Amino acid sequence: MPQRMAKSLGRRLALCALALWAALLWGCAHGSLEGEGEVTLFQVSTIDALMEGAFQGQVSVGRLARQGDLGIGTFHALDGEMVILEGRVYQVRADGKVRLADPDLTTPFANVVRFRPQRVIQLQGEMSLDELCRALDQALPSPNLLYAVRLDGAFAYLKARSVPAQERPYPKLVEVVKRQSVFEFRQVQGTVLGFRCPEFVKGVNVPGWHLHFLDQTRNAGGHVLELRIKDPRVEVVTVNRFVMVLPTGGEFMHSDLVTDKAADLHTVEKGR
Ligand SMILES: [Zn+2]
C-alpha cells in the first residue's frame, strides 16, 4: 500500500474509533439501556431508609446532576432540602438560605429525571395543594405510572419547610421534622416541581405527590407543605423506567425496612 493511502486509512480508522468512543460516552451519560420513548427516574436509596435515619450521603451531587435536570431530595446528614431545576442543584438549608450545591456534596436520598415536557395540563380556578393534586390526579392518564411535573407561576401563598443538619447517632426523620424550619411566602413567583408515584412504590418512594419549591430569584424554597395558586399550568413528563442505587454502607445496612412507616411518612410529608 502506498504510504499516502496507508496514512489516510490510518487517519480514517482513528476518526472512526473517536466517533465510536464518543457514541459510547454519550450512551453511558444518557442511560444507554433506555428504550425509545422511555423516561427514567434515577433514585438514591429508599424513602423508608431516610425515615429510619439513614442520612449518610451515597451519591455525589455531580453524579446526580448527570442523571437528569429536574429533581428533589436531601443532602448528607439531612442538611437541607434539594431542588434540581434546569440542571442546577440547589440546597435550601434550615436557615432559609439557598446556595448552589457543591458537586462533591453527597445525597442519602434523591430523585431526578431528564425533564422534556410531553404535555401541559392547564387547570382553572384558585386551588390549594390538596385541590391541585386531586385535579392533576384526574387529568393524568393512569395512577399506575410515575410522573414528573413542573409548575411555574405566581403563588398567592406558599408554605415550605427545610430541615437542619443532623449528627450521629441519626434520629428518625419523624423526630427531625418536629424541629423543621417553616417558611411562608405571599405573592411569590417561582417553580414547584417534583413527582407523583403510584401506591405500589410504598416503602421505596412516596406514594402520591412529593413537591419542592424554588422562588424565581433562587433565594428561597423548600419542601412544599401548602400553596394557593390560580389557574396553574403544569408541565408533565410520564416516567416508565426506574433506576435505584442502594447504599452499601452506613446506617442503611442495619435500618429496619420491614416495619410499615406509612403513618410517620404522612407526618413527614404533610407536616401535620
Ligand atoms: Zn421533600
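All values below come from the heavy atoms of this structure, side chains included, with hydrogens, waters and symmetry mates left out. Model, not experiment: these values are computed from the prediction. The first residue in the sequence is number 1, and the count goes up from there. Counting starts at 1 for both ligands and their atoms, in listed order.
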Is the ring centre of F213 less than 6.0 Å from the ring centre of F185? yes
Determine yes or no for a side-chain-to-main-chain donor-acceptor pair under 3.5 angstrom, with T74 supplying the side chain and G80 the backbone. yes
Is it true that a side-chain atom of D104 and a backbone atom of D102 form a donor plus acceptor pair closer than 3.5 Å? no
Could you walk me through whether F42 and N111 pass side chain to side chain contact (heavy atoms under 4.5 Å, CB included), step by step? CA-CA 6 Å; F42 179 86; N111 296 282; over 6 Å; no
For S128, all residues meeting side chain to side chain donor-acceptor pair (under 3.5 Å), sequence neighbours excluded: E131
Which protein N, O or S atoms lie under 2.8 Å from the Zn ion (ligand 1)? H210 NE2, H212 NE2, H223 ND1
Just do the salt bridge (charged side-chain N to carboxylate O under 4.0 Å, His left out) check on K202 and D260 with the steps written out, would you? CA-CA 9 Å; K202 192 171 179 289; D260 184 287; 2.4 Å; yes
